[in-house]
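Here's the structure we're looking at; comments come further down.
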2 protein chains.
Amino acid sequence: MTNPLILKLEQRDQLSDEEKRALENAIARVRVVEADEDIVREGDRPNESSLLLDGFAARYKIVSNGRRQISALHVAGDFLDLHSFLLKTMDHGVLALTTCRIATVPHATLEKITDEFPHLTRLLWLNTLIDGAIHREWLTAMGRLSATAHMAHLICELYLRLKVVGRAEGDSVQLPITQAELGDTLGLSTVHVNRVLQELRKEGLIRFQGDALTILDWERLKKVGEFTSTYLSLQNEDR
Amino acid sequence: MTNPLILKLEQRDQLSDEEKRALENAIARVRVVEADEDIVREGDRPNESSLLLDGFAARYKIVSNGRRQISALHVAGDFLDLHSFLLKTMDHGVLALTTCRIATVPHATLEKITDEFPHLTRLLWLNTLIDGAIHREWLTAMGRLSATAHMAHLICELYLRLKVVGRAEGDSVQLPITQAELGDTLGLSTVHVNRVLQELRKEGLIRFQGDALTILDWERLKKVGEFTSTYLSLQNEDR
DNA sequence: CGCAAGATTGAACGACATCAAACTCTGTGG
DNA sequence: CCACAGAGTTTGATGTCGTTCAATCTTGCG
């Protein structure tokens with residue numbers, strides 16, 4: 001059971017043993033949050049950041065008419081609120097979509113890392129930059145792609161991100177996300193999410209029953225979703 | 001003429017004289033890019049980052065049917081591609097919307113800053129985190145607000161961001177952005193942008209003729225756009 | 001003065017939303 | 001092991017917000 005954050009970072013650059021140790025030691029404690037509970041709330045000023053070890057979580061905002069927008073979906077190895085280290089006040093909430101195992105890293109420890117480990121600091125920074133790249137990609141998909149293309153795009157992304165942290169088995173991943181949650185992610189109604197998924201199934205691109213998502217035709221799915229993985233920075237290079 | 005980046009950072013935290021000097025010295029050269037020219041292209045692997053000293057710029061992506069999505073609008077004091085320091089490959093282009101004065105900061109210098117100035121590094125990191133927070137806000141607005149609310153939200157944000165770097169005169173700012181560009185930002189058609197702007201004018205919320213944008217009723221504009229400035233991290237605190 | 005870029009208008013259309021109901025599945029208690 | 005409850009999925013009918021297309025109008029500028 002390697003720490004999934006280390007898996008994720010090692011996909012992008014070399015980590016020294018000392019850096020790995022510093023990361024492992026940064027974890028103050030591990031806690032479990034049940035599905036549908038808040039991990040961090042909008043307006044909070046946390047003095048620690050949460051690293052997702054297992055499960056699925058979402059960053060979200062509620063707007064006035066009660067509608068919800070999910071601005072990020074998180075999988076094992078993702079920091080849920082690393083940005084709260086410097087932004088201080090949470091401008092959105094983070095919700096557990098499933099039971100989540102969460103490692104807690106005090107901001108004081110992060111500050112120490114920035115003082116003593118410049119290269120590791122750059123990799124943590126990189127981590128937040130990838131989050132930003134994903135946001136931009138979602139903006140483009142939301143603004144300029146059809147609902148079907150947007151969904152295909154999201155599925156491609158989630159499949160790859162899960163694969164990187166060893167959560168894929170062949171062409172399949174466990175994706176315990178409801179259609180309502182997908183709707184809040186894509187900015188669509190639940191009803192339309194359902195129709196879009198049916199279309200992708202009918203086209204023979206995916207199978208999606210229960211939590212099990214299988215990619216049946218990766219090339220065509222990528223094409224439908226206009227997906228290119230550049231923004232995920234999957235290349236290993238000096239940073 | 002203070003460097004607008006320093007203005008921007010000083011809004012968020014104290015900067016020592018040494019840090020200010022390090023920032024000033026980081027600028028290798030200043031260049032001018034004319035309106036409608038690319039500043040950085042998608043796929044580029046720049047070895048320097050561009051700091052916008054004056055003018056307006058946009059990050060954008062083109063999707064298959066030729067449509068364009070703008071994922072960020074930038075004003076004086078903004079780094080246009082600070083993230084290329086660690087992401088290496090540009091996943092989007094950056095375009096000059098007006099004539100732009102741009103300071104160039106070599107990545108080698110940024111690396112040196114991360115080795116020698118931990119606190120300044122955190123502030124540069126913060127800078128990219130604010131970009132990310134803006135992305136999330138835009139996602140929420142795009143997914144769950146009406147076109148009119150979304151436009152009102154964008155106007156509130158741009159007004160505040162310009163004000164921070166001393167580009168506002170009272171309730172007015174110069175905003176040399178066409179309705180087509182606004183459409184690409186909001187994910188709307190030009191026609192609809194026009195109608196939405198008319199509605200905001202008719203409601204007495206803004207005046208917008210030529211480049212001159214005036215906020216006529218800040219409180220009501222904020223309300224229409226469901227705007228709260230938390231995500232811009234305008235508080236000065238230790239980071 | 002004349003042109004080109006941008007803004008504005010109107011009419012028809014379409015993608016997705018909304019509403020309301022039925023269906024399926026899984027877990028639970030009797 | 002059956003009934004039932006509740007969450008999630010699916011379906012159909014209708015409504016609407018924003019798009020598209022095609023002009024026309026305005027404005028800044030050489």
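In what follows, chains carry the letters A, B, and so on, assigned in the order in which the sequence lines appear, proteins first and then strands, with residues in each chain numbered from 1.
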Does B:Arg201 put a side-chain nitrogen or oxygen below 4.0 Å from OP1 or OP2 of C:dA7? no
Rounded to whole Å, CD1 of A:Ile177 lies from P of D:dT9 at a distance of 11 Å
Bending between helix ends of the helix from C:dC1-D:dG30 to C:dG30-D:dC1 [5 pairs per end, 10° resolution]: 30°
Determine all donor-acceptor pairs shorter than 3.5 Å in which one atom belongs to a side chain in residues 55-69 of chain B; sequence neighbours excluded.
residue : atom : partner  : partner atom : Å
B:Arg59 : NE   : B:His74  : NE2          : 2.9
B:Arg59 : NE   : B:Leu80  : O            : 3.4
B:Arg59 : NH2  : B:His74  : NE2          : 3.3
B:Arg59 : NH2  : B:Asp131 : OD2          : 2.9
B:Tyr60 : OH   : B:Asp38  : OD1          : 2.7
B:Tyr60 : OH   : B:Asp38  : OD2          : 3.4
B:Lys61 : NZ   : A:Glu137 : OE1          : 2.5
B:Lys61 : NZ   : B:Asp91  : O            : 3.2
B:Ser64 : OG   : A:Glu226 : OE1          : 3.4
B:Ser64 : OG   : A:Glu226 : OE2          : 2.5
B:Asn65 : OD1  : B:Arg67  : NE           : 3.4
B:Arg68 : NE   : B:Asp184 : OD2          : 2.8
B:Arg68 : NH2  : B:Asp184 : OD2          : 3.0
B:Gln69 : NE2  : B:Asp184 : O            : 3.0
B:Gln69 : NE2  : B:Thr185 : O            : 3.0

Listing, residues 27-36 of chain A side-chain donor-acceptor contacts under 3.5 Å, not counting sequence neighbours, or none:
residue : atom : partner : partner atom : Å
A:Arg29 : NH2  : A:Glu48 : OE2          : 3.0
A:Glu34 : OE1  : A:Thr99 : OG1          : 3.2

Spacing of A:Asp211 atom CG relative to C:dG27 atom P, expressed in whole Å: 11 Å
Kindly indicate, with the supporting measurements, whether the criterion side-chain contact (heavy atoms from CB on, under 4.5 Å) is fulfilled by A:Ile134 and A:Leu232. CA-CA 7 Å; A:Ile134 293 172; A:Leu232 294 175; 3.8 Å; yes
Partners of A:Asp217 by salt bridge (Lys or Arg N to Asp or Glu O under 4.0 Å), sequence neighbours excluded? A:Arg220
Is the distance from OP1 or OP2 of D:dT10 to the nearest side-chain N or O of A:Gln198 less than 4.0 Å? no
Listed pairs under 3.5 Å, donor-acceptor, residues 196-210 of chain B side chains, sequence neighbours left out:
residue  : atom : partner  : partner atom : Å
B:Gln198 : NE2  : B:Asn194 : OD1          : 2.4
B:Glu199 : OE1  : B:Thr148 : OG1          : 3.2
B:Arg201 : NH1  : B:Phe208 : O            : 2.9

List in chain and number order the residues that pass side-chain hydrogen bond (donor to acceptor under 3.5 Å, both in side chains) with A:Thr104, two or more places apart in sequence or in another chain; answer none if no residue qualifies. none
Indicate yes or no for a side-chain donor-acceptor contact from A:Ser146 to the backbone of A:Ala149 under 3.5 Å, with no hydrogens or angles considered. yes
For residues 145-157 of chain A, which residue pairs pass the salt bridge (charged side-chain N to carboxylate O under 4.0 Å, His left out) check, not counting sequence neighbours? A:Glu157-A:Arg161
Every protein N/O within reach of nucleotides 3-5 of chain C N/O, cut-off under 3.5 Å:
none

List in chain and number order the residues that pass salt bridge (Lys or Arg N to Asp or Glu O under 4.0 Å) with A:Lys8, two or more places apart in sequence or in another chain; answer none if no residue qualifies. A:Asp78
Roughly how many Å is it from CG in A:Leu197 to C1' in D:dT11, rounded to a whole number? 15 Å
Contact string for nucleotides 16-30 of chain D, one letter per nucleotide 5' to 3', B = base within protein heavy-atom range under 4.0 Å, S = sugar-phosphate only, - = neither, reads --BBBB---------
Mind checking what makes ring pair (Phe, Tyr, Trp, His ring centres under 6.0 Å) contact with A:His135, not counting sequence neighbours? none
Looking at D:dT9, I'd like to know if its phosphate oxygens (OP1 or OP2) sit under 4.0 Å from a side-chain N or O belonging to A:Asn194. no
Would you mind listing every ring pair (Phe, Tyr, Trp, His ring centres under 6.0 Å) that reaches into residues 156-180 of chain B, with sequence neighbours excluded? B:Tyr159-B:Trp218
